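Worksheet for the structure shown next.
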Amino acid sequence: MPGGSLIERYAVHLPVSQRTPRLTLGEGATPLVRAAALERETGIPEVWLKVEGQNPTGSFKDRGMVVAVAKAVEAGARVVLCASTGNTAASAAAYAARAGLACTVVLPAGQVAEGKLAQAIAHGARIVAVRGPFDAALSVVRDLASAGEATLVNSVNPHRIEGQKTAAFEICETLGDAPDALFIPVGNAGNITAYWRGFVEAARSGMARQRPRMYGYQAAGAAPLVGGAPVPQPETFATAIRIGNPASWSGAIAARDESGGAIDAVTDAEIRDAYAFAARCEGIFCEPASAASIAGLRKRARGGGLRDVRRVVCVLTGNGMKDPESARSLAGPIPEVDATIDAVRRALA
Ligand SMILES: *Cc1c(COP(=O)(O)O)cnc(C)c1O
């Protein structure tokens, strides 16, 4: 992997030229890990997890952000701007700091995991919280950007989607082909759009022989693509996908229909269970939203919808350490006792 730079590695597939700065924090080239416990449970011969939480700021957003910020620098921008449920803000703030740009983030008040907020603060972003869901924050930053106040780096910026499609290339390179099916969480729907574009291009350029069926999963309380209409008050503990009106709506529908896949909902209980299962049975600590892909795989396998499938990939979009509060809620209080062998034994009994 030359230099650990995603832009350098995939330059021929990206909208970059010699003039585009080779900005990098070592993004991409994330592990694809075999999931033995999920194979046993589902009966699918091969289940793989794409561990996107291993990106520099702990989520897949870095793939798109490195391209979006590099292009902003190339165009002479001084400020980048985004709305975010947390990970876009963390990524934008880090790459802006790296590139010497200012960064402004607008967050839905009270709905951002603690670790993500810490990242945006540490990287020096200017932060404003607005009352309302993510969709209201996105609407505000779109207006600010069209007033010429900064370069918008949400996934409505086409460079984001271009960068994010590289994850599909990596999967094809590692497996020697595309999987039969891909399971992915869906919030604003940029990532499912990007993966589908990546798989289509991989098949066209000989990187893969086939294209996967795309299975996108929304949280039941925030499932506009499943219900077919925007959700004004989206609700789920998986805050990264707490989105009621996805910007890449049509991209998600195209990915579903062109691939012969589906977009479905999983309940918060199913997401929470998959989140704990990944950590306890596969050793992979992802964030709640990421586990929607595993919850979706389990639901579809249970329903008998995957009998013809041999090899699947679940995308684990972000790192569990970003959201300590959700992890903490998986267990009761930690006993505090005297520092004696008897007291510790009693507490463990
Ligand atoms: C952004 C994000 C998603 C949703 O991706 P979209 O492109 O908005 O559909 C899922 N999981 C995590 C951890 C995210 O940060």
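We count ligands from 1, going down the list as the structure has it; atoms in each ligand are counted the same way. Quantities reported herein were computed from a predicted structural model and do not represent experimental measurements.
- The heavy atom nearest to atom 1 (C) of ligand 1, considering only Glu52, Lys116, Lys61, is found in Lys61.
- By the 4.0 Å N-to-carboxylate-O rule, Glu52 lies close enough to Arg63 to be salt-bridged with it.
- For Ser155, the closest heavy-atom approach to ligand 1 does not fall below 4.0 Å.
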Passes side chain to side chain contact (heavy atoms under 4.5 Å, CB included), Arg9 versus Glu170? Steps please. CA-CA 11 Å; Arg9 209 177 314 138; Glu170 289 177 11; 3.5 Å; yes
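- Contacts of Gln164 with ligand 1, taken as heavy-atom pairs under 4.0 Å, are absent altogether.
- Not a single N or O atom of Pro185, backbone or side chain, sits closer than 3.5 Å to an N or O atom of ligand 1.
- Here Arg310 pairs with Glu46 in a salt bridge; the nearest charged N to carboxylate O distance falls below 4.0 Å.
- The shortest N or O to N or O distance between Thr317 and ligand 1 is below 3.5 Å.
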Between Gln111 and Thr85, does a side chain to side chain contact (heavy atoms under 4.5 Å, CB included) hold up when you go through it step by step? CA-CA 7 Å; Gln111 296 300 330; Thr85 60; over 6 Å; no
After noting the C-alpha distance and the side-chain angles of Leu138 and Val141, does the key distance pass the side chain to side chain contact (heavy atoms under 4.5 Å, CB included) rule? CA-CA 5 Å; Leu138 181 60; Val141 297; 4.0 Å; yes
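- Contact annotation for Ile241 and ligand 1: only side-chain heavy atoms (C-beta onward) come within less than 4.0 Å of the ligand.
- Considering backbone and side-chain atoms together, Asn87 places an N or O closer than 3.5 Å to an N or O of ligand 1.
- Note: no N/O pair closer than 3.5 Å links Val186 and ligand 1 by distance alone.
- For the pair Asn188 and ligand 1, the shortest N or O to N or O distance falls below 3.5 Å.
- More than 12 heavy-atom neighbours from other residues, nucleotides or ligands sit within 6.0 angstrom of CZ on Arg34.
- Where the criterion is an N or O separation shorter than 3.5 Å, residue side chain and backbone included, Ala289 fails it with respect to ligand 1.
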For side chain to side chain contact (heavy atoms under 4.5 Å, CB included), just list the numbers for Phe199 and Met214, CA-CA rounded to whole Å, side-chain angles, deciding distance to a tenth of an Å, and then say yes or no. CA-CA 10 Å; Phe199 283 123; Met214 302 288 287; 4.1 Å; yes
